[in-house]
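This structure is a prediction, so every number in the text was calculated from the model and none was measured.
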Amino acid sequence: PQSASLLMKALYCARMVRLDICYTINTLSRYVTKWNALCDKQIRHLYSYLLTTVDKQLHASIDSLDIDNVCIHAYPDADLAGTYDSTKATSGGFVELVGDNSFFPLDWFSKRQSATSHSTTEAELVSASKMLRESLIPIQSLWVVMLQRSVVSIIHEDNQSTITVIETGYSPQLRHLAKHHRISLGLVHELCKHPDIILQHVETDKQKGDILTKGLQRPKHDPAMKMVGIYPVIILDPHE
């Protein structure tokens with residue numbers, strides 16, 4: 001009976017500072033009305049994880065000297081049919097403000113897609129469309145107004161086939177796309193032609209959105225945490 005309350009408490013934490021638990025909460029929230037013993041174990045693991053990582057915090061820093069050169073970096077990602085109970089992919093994304101000496105997380109999300117994708121490329125396109133529409137474009141517009149200058153946004157995509165499809169706007173292998181996914185492809189293609197939006201390839205192990213699409217094993221989880229700015233607080237002893 002307390003499952004929904006426990007999830008909502010953790011959800012507030014995830015939305016504010018602990019993006020590393022967004023995927024787990026996203027998964028468990030679909031079972032609130034059909035909770036079972038396995039869900040009890042999973043939420044116990046979630047709170048045990050929070051207890052053992054209580055010293056880890058989300059870090060951010062802004063250097064006033066970077067105001068003239070800061071830009072926005074976005075990392076859309078997707079996990080194709082990554083859960084045992086559904087064929088739908090999970091979209092994830094991370095948006096940050098970056099300068100020479102600045103790093104500031106701006107937004108992140110983890111959400112199951114509303115329709116089944118037939119390939120990783122198709123799932124990645126849907127994730128990129130969601131990020132552009134709901135996060136990147138609004139954030140970029142806001143920073144343009146605040147800084148009174150054009151702000152460049154760089155989209156980091158780890159799937160080379162997805163980059164090719166976005167740049168051309170069409171692929172024979174994706175001619176079967178349903179209407180809703182075809183709209184996503186057209187939208188991403190048009191927006192990425194804007195001079196202030198740059199699409200480039202990033203290695204999979206440097207994809208910051210990966211932690212928001214799936215549960216990672218410890219060898220990959222800890223480096224992924226550091227990439228998004230979550231690591232233990234170091235308190236220096238003033239007497240040393």
Side-chain angles (χ1 to χ4, degrees), residues 1-60 74-96 104-117 123-124 126-136 138-139 180 207-233:
Q2 292 79 26
S3 59
S5 177
L6 290 171
L7 280 177
M8 290 304 101
K9 290 177 181 178
L11 176 60
Y12 178 80
C13 178
R15 285 178 171 174
M16 296 295 104
V17 292
R18 290 300 298 269
L19 60 104
D20 53 316
I21 63 174
C22 282
Y23 172 74
T24 303
I25 296 174
N26 176 33
T27 302
L28 286 175
S29 63
R30 293 189 290 271
Y31 293 93
V32 171
T33 58
K34 47 184 177 180
W35 201 261
N36 54 43
L38 178 59
C39 296
D40 283 334
K41 293 181 179 179
Q42 290 175 332
I43 200 168
R44 177 184 174 86
H45 290 164
L46 171 61
Y47 273 86
S48 296
Y49 169 75
L50 289 173
L51 180 62
T52 57
T53 58
V54 68
D55 61 325
K56 295 185 179 181
Q57 296 183 9
L58 181 63
H59 292 72
Y75 296 82
D77 196 23
D79 184 37
L80 180 66
T83 56
Y84 69 91
D85 62 337
S86 175
T87 59
K88 297 177 182 177
T90 300
S91 297
F94 181 76
V95 183
E96 61 184 0
F104 202 99
L106 298 175
D107 191 22
W108 55 81
F109 66 87
S110 177
K111 182 178 177 60
R112 177 173 289 184
Q113 296 180 6
S114 58
T116 299
S117 299
E124 295 274 358
V126 175
S127 178
S129 174
K130 174 178 172 57
M131 169 168 281
L132 281 163
R133 289 183 293 106
E134 301 180 9
S135 297
L136 185 57
I139 289 175
H180 44 278
Q207 171 59 268
K208 297 185 179 182
D210 198 31
I211 196 173
L212 292 152
T213 62
K214 63 178 74 71
L216 300 176
Q217 299 295 329
R218 179 61 63 85
K220 293 184 177 181
H221 181 77
D222 291 344
M225 292 269 285
K226 292 180 181 179
M227 283 196 300
V228 297
I230 300 179
Y231 48 84
V233 178

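Atom OG1 of residue T90 and atom CG of residue N26 lie 6.0 Å apart, to the nearest 0.5 angstrom. With rounding to the nearest 0.5 Å, the separation of CG in L80 from OG1 in T116 is 9.0 Å. Note: L11 CG to M16 CE = 9.0 Å, rounded to the nearest 0.5 Å. Atom OG in S3 sits 9.0 Å away from atom CE in M8 (nearest 0.5 Å). Here the OG-CD distance, from S91 to E124, works out to 8.5 Å after rounding to the nearest 0.5 Å. Considering OG of S110 and CD1 of I21, their distance stands at 11.0 Å, rounded to 0.5 Å.
More than 12 non-hydrogen atoms from other residues, nucleotides or ligands lie less than 6.0 angstrom from NZ of K214. For R15, the CZ atom sits in a loose shell: 12 or fewer heavy atoms of surrounding residues, nucleotides or ligands are nearer than 6.0 Å.
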Step-by-step side chain to side chain contact (heavy atoms under 4.5 Å, CB included) determination, I25 to L46: CA-CA 9 Å; I25 296 174; L46 171 61; 4.1 Å; yes

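The shortest distance between side-chain heavy atoms of L106 and E96 does not fall below 4.5 Å. Considering only heavy atoms from C-beta on, Q42 stays 4.5 Å or farther from T24 through its side chain. Using a 4.5 Å heavy-atom threshold, the side chains of C22 and F109 count as separate. In this structure, D40 and W35 have side chains that are in contact, with non-hydrogen atoms separated by less than 4.5 Å. Contact of the K208 side chain with the W108 side chain is not registered, since no non-hydrogen atoms from C-beta on lie closer than 4.5 Å. The side-chain heavy atoms of L212 and D77, taken from C-beta on, include no pair separated by under 4.5 Å.
Sorted by first then second residue, the salt bridge (Lys or Arg N to Asp or Glu O under 4.0 Å) pairs that include residues 19-30, not counting sequence neighbours, are R18-D20. The side chain to side chain donor-acceptor pair (under 3.5 Å) contacts involving residues 216-230 comprise Y49-H221, where partners must be two or more places apart or lie in separate chains.
For the pair Y23 and G215, the tightest heavy-atom approach, listed with the atom from each and the gap, is CE2-N, 3.5 Å. Taking both residues in full, the closest heavy atoms of Q113 and S127 are given as NE2-N, 4.1 Å, listed atom of the first, atom of the second, then distance. Of all the heavy atoms in V126 and S117, the pair that sits closest is CG2-OG, 4.5 Å. Between L58 and I230 the shortest heavy-atom distance is CD1-CG1, 3.8 Å. Nearest heavy atoms, I211 versus L216: CA-CD1, 3.9 Å. When all heavy atoms of S86 and R112 are compared, the pair lying nearest together is CB-NH1, 3.1 Å.
In this structure, the side chain of Y47 engages the main chain of L6 through a donor-acceptor pair within 3.5 Å.
Evaluation of the side-chain hydrogen bond (donor to acceptor under 3.5 Å, both in side chains) rule for K130 yields E134 as partners, not counting sequence neighbours.
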